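Beneath this line is the structure, given in structure tokens, with notes to follow.
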Amino acid sequence: MIKIFNTLTREKELFKPIHENEVKMYVCGPTVYNYIHIGNARSAVSFDTIRRYLEYRGYDVTYVSNFTDVDDKMIKQAKKEKITVDELANRFIEAFMADTKALNIKPATANPRATHMIDDIIKFIEALVEKDYAYEVSGNVYFRARHFKHYGELSKQNIEQLENGASQHLTQEEVTTKEDPLDFVLWKPQKEASEVAWDSPFGKGRPGWHIECSVMSTKLLGETFDIHGGGQDLQFPHHENEIAQSEAKTGHKFVNYWMHNGFVTVGNQNEKMSKSAGNFVTVHDLLQGEDPTVLRFFMASTQYRRPIHYNDDNMQEARERVQYFKNLYQNIDYRLNDQTSSQENTELAQLVNEKVAEFKAAMDDDFNVQNGLTVLYELTRAINQHLQESTVDKTVLTIFKEEFIKIMTVFGVEFNQKSDNLSEEVEALIKKRDEARSQKDFKTSDEIRDQLKGMGIVIEDTPQGTRWKKNES
RNA sequence: GGCGGUAUAGCCAAGUGGUAAGGCAGAGGUCUGCAAAACCUUUAUCGUCGGUUCGAAUCCGACUACCGCCUCCA
């Protein structure tokens, strides 16, 4: 039984999807005015890992993640680059797709864009106006936050404190148009003729930020769905507002489980990285010099709610872990294909079963990947010990390999099949080296080993013979 | 000011009442012609103070430090 920490209740709750064996989840995606930074990527990796685990446990997951493709930042950036907002969005959506693909994030079931759902957004706002939850003032449509009696519940804030905070940040326009400082905008009027805008019953304008997520999620997943995720900084006001709008309109509970991922921090002070702070590292830049698999594993191997400290020491550790797993995988293959006979080892077979069950138990507890990985390390140590025996149980190794692949798939780490053939030149060199070794001509054999290393082929001698692997780094 | 999070070895980190998982790095060792890969051994009394308890890292109180949200932000 899977337990999920629900931000709404601040407790771990037993996960019961609305429809048995089906999970419908929505994750807030980026505003596409720049390359994503590793904080954005962390969010995407966290929820992708959660999705993959749910699938590992047999659920059919519908995963929707949006693009915010129109807002002040988009307009500003497009203007600066003298291109349209749409062109800007297309460029960085493409970049997002490339970056997330590199990180082995599964494509979403749907990636809705705000600007592609303007009609639905307008209808949604109209419904709120009809219900008296929203009002129009000179082209602005605002939501009456105070009318929604659960306002502040997600972020555990009371109305007075929220009002106090909100009133300090009002623009002059908002002071004259808002009934209440707490009210938030659903529709913004066009400021100048060149600005991108759509016709609406409230005048030419564009949607506010929060409304798009309510519209897109309920349209694609239903008025009530299972999981809504996003970064911790979205709790207030974004998700609070989403709840208010959606429940005001539908009269039903919006989301059953709210999940929020922790931040990526950088620097000595472990400060939050963000676009606005300017201290961000983009995935695009980072992947110029880093194996994407390593970055993926780095972010997937911390539980989604914990902070991740991005620095080179921690990256180095991830590099070594990924290499360890690669070696394990290749060494299993090597033994599976060697000439030795198989010898049954019931003890190891049982251990594999036990550890796989322990892995599930660990992950079922709010996706505790640290404990899950610990179980995996315990098991891999036993397997590595076994691999050194003169005879191995090939049946168990095959079973373990399958389970191992499934588990690594949850973390988004995949190993290429050893399909690459060696060139004739390399094969001849390996053969020549073996001959030299059998004649104890170690000078020659070591020279050949160095030569092969220069060609990216690493040679390892084992009691079962000489094995090779490609050095990818 | 309000709300929330975190504090465990050099680093990462698990652990919510019974005398500290795991990983990295370090040290030593096994295997090897030498390597590589792998394995083995080895390193902490849990931010501070006080309380509850037979017994607390784990519960309660106070304090300190760092981080975040309250305004765009994953």
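Letters go in sequence order (proteins before strands), and every chain restarts at 1. This is a predicted model, so every value here is computed, not measured.
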Rounded interatomic separation in angstrom, taking [atom1] from [X] and [atom2] from [N]:
X	N	atom1	atom2	value
His169(A)	C69(B)	NE2	C1'	11 Å
Gln235(A)	C73(B)	CD	C1'	14 Å
Arg305(A)	C69(B)	CZ	P	18 Å
Ile383(A)	C40(B)	CD1	C1'	18 Å
Gln157(A)	G5(B)	CD	P	12 Å
Glu460(A)	A38(B)	CD	P	8 Å

Would you say the side-chain atoms of Asp366(A) pair up with the backbone N or O of Phe5(A), donor to acceptor, closer than 3.5 Å?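 At least one qualifying donor-acceptor pair exists.
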(request) Using the six-membered ring wherever Trp is involved, compare the ring planes of Tyr26(A) and His228(A) and label them parallel, tilted or perpendicular (cut-offs 30° and 60°). (result) tilted
**Report entry** Assigned partner base of C59(B), Watson-Crick or wobble definition, under 3.5 Å
**Finding:**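 Partner of C59(B): G51(B).
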Problem set entry | Partner nucleotide of A38(B) by Watson-Crick or wobble geometry (both distances under 3.5 Å) |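 WC or wobble partner is U30(B).
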Nearest 0.5 Å, what's the CD1-CZ distance between Ile383(A) and Arg335(A)?
->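 One finds 12.0 Å between CD1 of Ile383(A) and CZ of Arg335(A).
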B/S/- along nucleotides 11-25 of chain B (protein heavy atoms under 4.0 Å) is -SSSS-----BSBSS
Determine the interatomic distance between C1' on A44(B) and the same-named atom on C3(B); round to the nearest Å.
->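 It comes out at 34 Å once rounded to the nearest Å.
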Contact class for [X] (heavy atom, under 4.0 Å): base, sugar-phosphate, or nothing?
X	result
Ser155(A)	sugar-phosphate
Gly39(A)	base
Val264(A)	base
His238(A)	nothing

Item to complete: Sequence neighbours left out, what passes salt bridge (charged side-chain N to carboxylate O under 4.0 Å, His left out) with Arg381(A)? Give chain and number order.
Response: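 Arg381(A): no salt bridge (charged side-chain N to carboxylate O under 4.0 Å, His left out) contacts found.
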Tell me, please, which residues at least two apart from Asp461(A) pass salt bridge (charged side-chain N to carboxylate O under 4.0 Å, His left out).
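Partners of Asp461(A) under the salt bridge (charged side-chain N to carboxylate O under 4.0 Å, His left out) test: Arg433(A), Arg437(A).
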Taking N and O atoms by type only, does the side chain of [X] place a donor or acceptor under 3.5 Å from a partner on the base of [N]?
X	N	answer
Lys73(A)	C73(B)	no
Arg10(A)	C3(B)	no
Asp446(A)	G33(B)	yes

Decide if the gap between the ring center of Phe415(A) and the ring center of Phe404(A) is smaller than 6.0 angstrom.
yes
Of the listed G33(B), G2(B), C39(B), the closest approach to the Asp461(A) side chain comes from G33(B)
*asked:* Quick test of your reading of the model: are Asp434(A) and Lys431(A) salt-bridged, counting only N-O distances below 4.0 Å?
replied: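 No salt bridge links Asp434(A) with Lys431(A).
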